[in-house]
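Report on the following structure.
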Number of protein chains: 2
Amino acid sequence: MRARLRAEMTEEIKTTARRHLATEGANLSLRAVARDLGMVSSAIYRYFPSRDDLLTALILDAYTALGGSVAAAEGAVDRADLAGRFLAICHAVRDWALANPHEYALIYGSPVPGYVAPTDTVPAATRAVTVLGGVIEDASAAGLLRDDEALPPDAAQDVARVGALIAPHAPLGPLSRALGSWLHLFGFVSFEIFGQLKNAVDVPGPLFAQQMRAQAVYIGLPTA
Amino acid sequence: MRARLRAEMTEEIKTTARRHLATEGANLSLRAVARDLGMVSSAIYRYFPSRDDLLTALILDAYTALGGSVAAAEGAVDRADLAGRFLAICHAVRDWALANPHEYALIYGSPVPGYVAPTDTVPAATRAVTVLGGVIEDASAAGLLRDDEALPPDAAQDVARVGALIAPHAPLGPLSRALGSWLHLFGFVSFEIFGQLKNAVDVPGPLFAQQMRAQAVYIGLPTA
DNA sequence: GCATACCGAGAGCACTGCTCTTGACAGTGA
DNA sequence: TCACTGTCAAGAGCAGTGCTCTCGGTATGC
């Protein structure tokens, strides 16, 4: 019972912190959060040992939310439609980022000064890219991807290392292009969220859709 | 004479602020900068009306430094070697980011909370991408790029709008791919600088080189 | 029933950005 | 030469911050 109250309070702190994050930005004020909750700042330290730990909790939540959103979107597509699954992932990332820009900034923006990502954020962080790996792996298993590109040995090693984690049987050429698509995807979303596209592209949606469709073709994923 | 002292002092404040940025991170402390300069915090306000204005000055400097670095690297390559010029741009961006990670984070990371980019940062910010546009424009003028891709009308409009600014005569297909390369480039560099590649790629250099080389081919830039 | 563990409130410390006032100095016109 | 003007650094002070510590009160487990 006490434990349940504690869990509820912890969640309540996180949600109001999220709200403050959305209105104020990354410099989250513990005291302001405490004020909103009608309590004093020191009380928050009963639940989070420091401000960084609160941020870490929010980061972890953001990663799992993004990962879940991506996984859900990809899971709703016909398994045989590999390009469709890829595009679902891309749009899920962008849609989530547009809906939660401050949480996106929290995880994909510049890291907080002294902040070091605890190792327990790693599994949550890699969830989204693992979904992409599943698509590539399925396409590879279906014999749709061929090892059509000769990579330099050192680059091949990098690609193979990532591939071992997300798509162990995929040929390195398409895998390298899929990795590039991932970077392309986040480059686009980051530029859009962080305002780097201002005064250049006013309605980025169509451009995004076209770019990602081209990436699906470039990787070699067949359209259903 | 009075004016020269003032300019020197302004520059000195910026350089120590840059140093603090490199060691402390984005939350720059005016008081700490003042202490390092052997003066009191209020004295800084004679040179910068607020902390945000100091950050704006640093951001502007960072943009021009990056732009200059990119322009210099591209300018050193034989004009006929279009792929070489493209690759010089890519590596200049990454090298500058690796050499000045905190300044990179300042301009391409999550924007500071209340901070709104003054409009005078726009020309400095667009300088680097303008260099890329020059390469595409030259390739187009040399008849090396063909309009080989049919873009959806709305996406074509986005691409054309950017093209009007950086490469007005380039065909939209290659231009769209060049734009994608730009996003790919900054996606890679941001992931590397912000630690998103940790536990996945330990030596990103070769992978970066391979990815950008592939992008040059994908755009259609001929290797010399 | 009682000891234990937990919890919120409050005071306090060192720090921050920023404002205001004060006194010192350099350059200028009479 | 002298007074005036503009610029500058210094210092005090305000409101806010993260964080620590102590002090009562309350629920939990034996």
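Here is how names work: the chains are called A, B, and so on, in the same order as the sequence lines, proteins then strands, and each is numbered from 1. Note that these values count all heavy atoms, side chains included, but never hydrogens, waters or copies made by symmetry.
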Distance, rounded to the nearest Å, where [X] contributes [atom1] and [N] contributes [atom2]:
X	N	atom1	atom2	value
Arg4(A)	dT28(D)	CZ	P	10 Å
Leu54(A)	dT17(D)	CG	C1'	15 Å
Asn27(B)	dT16(C)	CG	P	10 Å
Asp52(B)	dT16(C)	CG	C1'	14 Å
Ile44(A)	dC6(C)	CD1	C1'	17 Å
Leu5(A)	dA5(C)	CG	P	20 Å
Leu55(A)	dT17(D)	CG	C1'	14 Å
Arg51(A)	dC19(D)	CZ	P	7 Å

**Message:** Once you measure the plane-to-plane angle for Tyr63(A) and Tyr108(A), does it fall in the parallel (<30°), tilted (30-60°) or perpendicular (>60°) bin?
**Reply:** perpendicular
**Message:** Does Phe48(A) reach a base, just sugar-phosphate, or nothing at all? Heavy atoms under 4.0 Å.
**Reply:** nothing
Identify which nucleotide among [options] has an atom closest to any side-chain atom of [X], counting heavy atoms from C-beta outward.
X	options	result
Ser50(A)	dT17(D), dA9(D), dC19(D)	dC19(D)
Met39(B)	dA9(C), dT17(D), dA10(D)	dA10(D)
Leu30(B)	dA9(C), dA9(D), dG17(C)	dG17(C)
Arg35(A)	dT17(D), dA9(D), dC8(D)	dT17(D)

OP1 or OP2 of [N] versus the side-chain N and O atoms of [X]: is any pair under 4.0 Å?
X	N	result
Arg6(B)	dC8(D)	yes
Tyr45(A)	dG8(C)	no
Ser42(B)	dA9(D)	no

Side chains of [X] and [Y]: does their closest heavy-atom pair fall under 4.5 Å?
X	Y	answer
Glu192(B)	Leu98(B)	yes
Gln215(A)	Gln211(A)	no
Arg177(A)	Leu221(A)	no

**Item:** Reference residue Val162(A); test side-chain contact (heavy atoms from CB on, under 4.5 Å); the match among Asp158(A), Leu165(A), Ile166(A)
**Value:** Ile166(A)
**Prompt:** Between the base of dG17(C) and the side chain of Arg31(B), is there a donor-acceptor distance below 3.5 Å?
**Reply:** yes
**Item:** Upstream residue (5' side of DNA chain D) when Pro49(A) and Ser29(A) are each assigned their closest nucleotide
**Value:** Ser29(A)
